[in-house]
Structure formats: structure tokens, C-alpha cells
Amino acid sequence: MLNRSILIGRLTRDPELRYTPAGVAVTQFTLAVDRPFTSNGEKEADFIPIVTWRQLAETSANYLRKGRLCAIEGRIQVRNYENNEGKRVYVTEVIADNVRFLERGEQQESTQNRDEGKPIDIADDDLPF
């Protein structure tokens with residue numbers, strides 16, 4: 001049997017980092033994934049709940065932000081619980097075991113491109129040849 005999901009989309013909100021009573025990090029966020037077809041000329045998307053655990057949860061909370069493009073690899077999980085009214089509620093979510101950041105953050109971009117294209121002032125005495 002195989003339960004594997006690969007998704008590429010944009011975060012609909014900043015990840016929400018929490019800790020279990022045992023101190024295990026867990027992050028939840030929603031990924032908007034465009035559908036390959038349109039309805040009435042308008043794009044449609046699916047909004048898929050994503051859960052990350054432990055170190056991946058902390059990394060996701062630190063580096064992902066609303067609107068960022070990322071790839072998620074994981075498994076689909078369906079769980080259920082009884083709500084306050086006594087009704088059974090079913091939740092379908094992707095438990096991610098790999099998150100790829102597909103865009104650079106603003107801080108990374110600013111430090112990466114800061115000196116690009118500017119001439120370097122080097123004296124002839126500093127050259128090794």
C-alpha cells in the first residue's frame with residue numbers, strides 16, 4: 001500500500017506553531033493549490049491543511065510566511081473526534097515529512113543581491129599576479 005502526496009502551492013496564512021504537553025513542536029498551515037482547470041474562466045484552488053512535527057515544524061514556523069510558494073511531501077491522514085455537541089467530526093490533512101521552500105525570503109534576497117553589479121575597488125598591489 002502507498003499513501004504519498006506531493007503538493008506545490010502558496011500558504012494562505014502564517015504557520016501556527018504550538019507545542020504538545022510533552023514539548024513536541026507541531027505547526028499547522030493551509031496550502032492553496034491551483035487546479036489545472038478553470039470554471040467559467042476563473043482559476044480555482046484547493047485549500048489543503050498541512051501539519052508538520054518536531055524540527056520540521058519549527059523550521060516551517062521560522063521561514064514560511066503567508067503567500068510563500070512551497071512544496072510539501074507527506075501522507076494524507078483522516079482523523080475524527082467528537083465535538084461539543086456530540087457530533088463526530090472528520091478532518092483530512094497532509095502530514096508533511098518534507099517541506100521545500102521554493103522562494104527566497106526578503107532577508108535572504110537583500111543580503112544575496114546587495115553587492116551585485118557594483119564594481120570592486122582593488123589596488124594593483126592587492127592582485128596576486
* Short N-O contact, E73 and R100, less than 4.0 angstrom ->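 Salt bridge: no.
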* Note: E103-R65 ion pair, threshold 4.0 Å (strictly below) ->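 R65 and E103: not salt-bridged.
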* Ignoring hydrogens and angles, tell me if any N or O in the side chain of N83 forms a donor-acceptor pair with the backbone of E85 under 3.5 Å. =>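 Flag set: sc N83 to bb E85 pair under 3.5 Å.
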* To do: Give a yes or no answer on whether the side chain of R68 reaches the backbone of Y63 with a donor-acceptor pair at less than 3.5 Å.
  =>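 Judged by distance alone, yes, a pair lies under 3.5 Å.
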* Asked: Who pairs with D97 by salt bridge (Lys or Arg N to Asp or Glu O under 4.0 Å), at least two apart in sequence or on another chain?
  ->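 By the salt bridge (Lys or Arg N to Asp or Glu O under 4.0 Å) rule, D97 matches R4.
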* Asked: R13: what forms a salt bridge (Lys or Arg N to Asp or Glu O under 4.0 Å) with it, not counting sequence neighbours?
  ->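 So R13 forms a salt bridge (Lys or Arg N to Asp or Glu O under 4.0 Å) with E16.
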How long is the span from the [atom1] atom in [X] to the [atom2] atom in [Y], to the nearest 0.5 Å?
X: D46; Y: L7; atom1: CG; atom2: CG; answer: 9.5 Å
X: T12; Y: L31; atom1: OG1; atom2: CG; answer: 8.0 Å
X: W53; Y: Q28; atom1: CH2; atom2: CD; answer: 8.0 Å

* Is L64 close to V99 at the side-chain level, that is, under 4.5 Å between some pair of heavy atoms? ->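 In short, these two side chains touch, coming nearer than 4.5 Å.
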* Got E44 and E42 here, is their nearest side-chain heavy-atom distance under 4.5 Å? ->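 Counting from C-beta outward, E44 and E42 never come under 4.5 Å.
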* Asked: Applying the 4.5 Å side-chain criterion to the ILVMFWY set and letting contacts propagate, would F29 and I95 be lumped into a single cluster?
  ->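 Different hydrophobic clusters.
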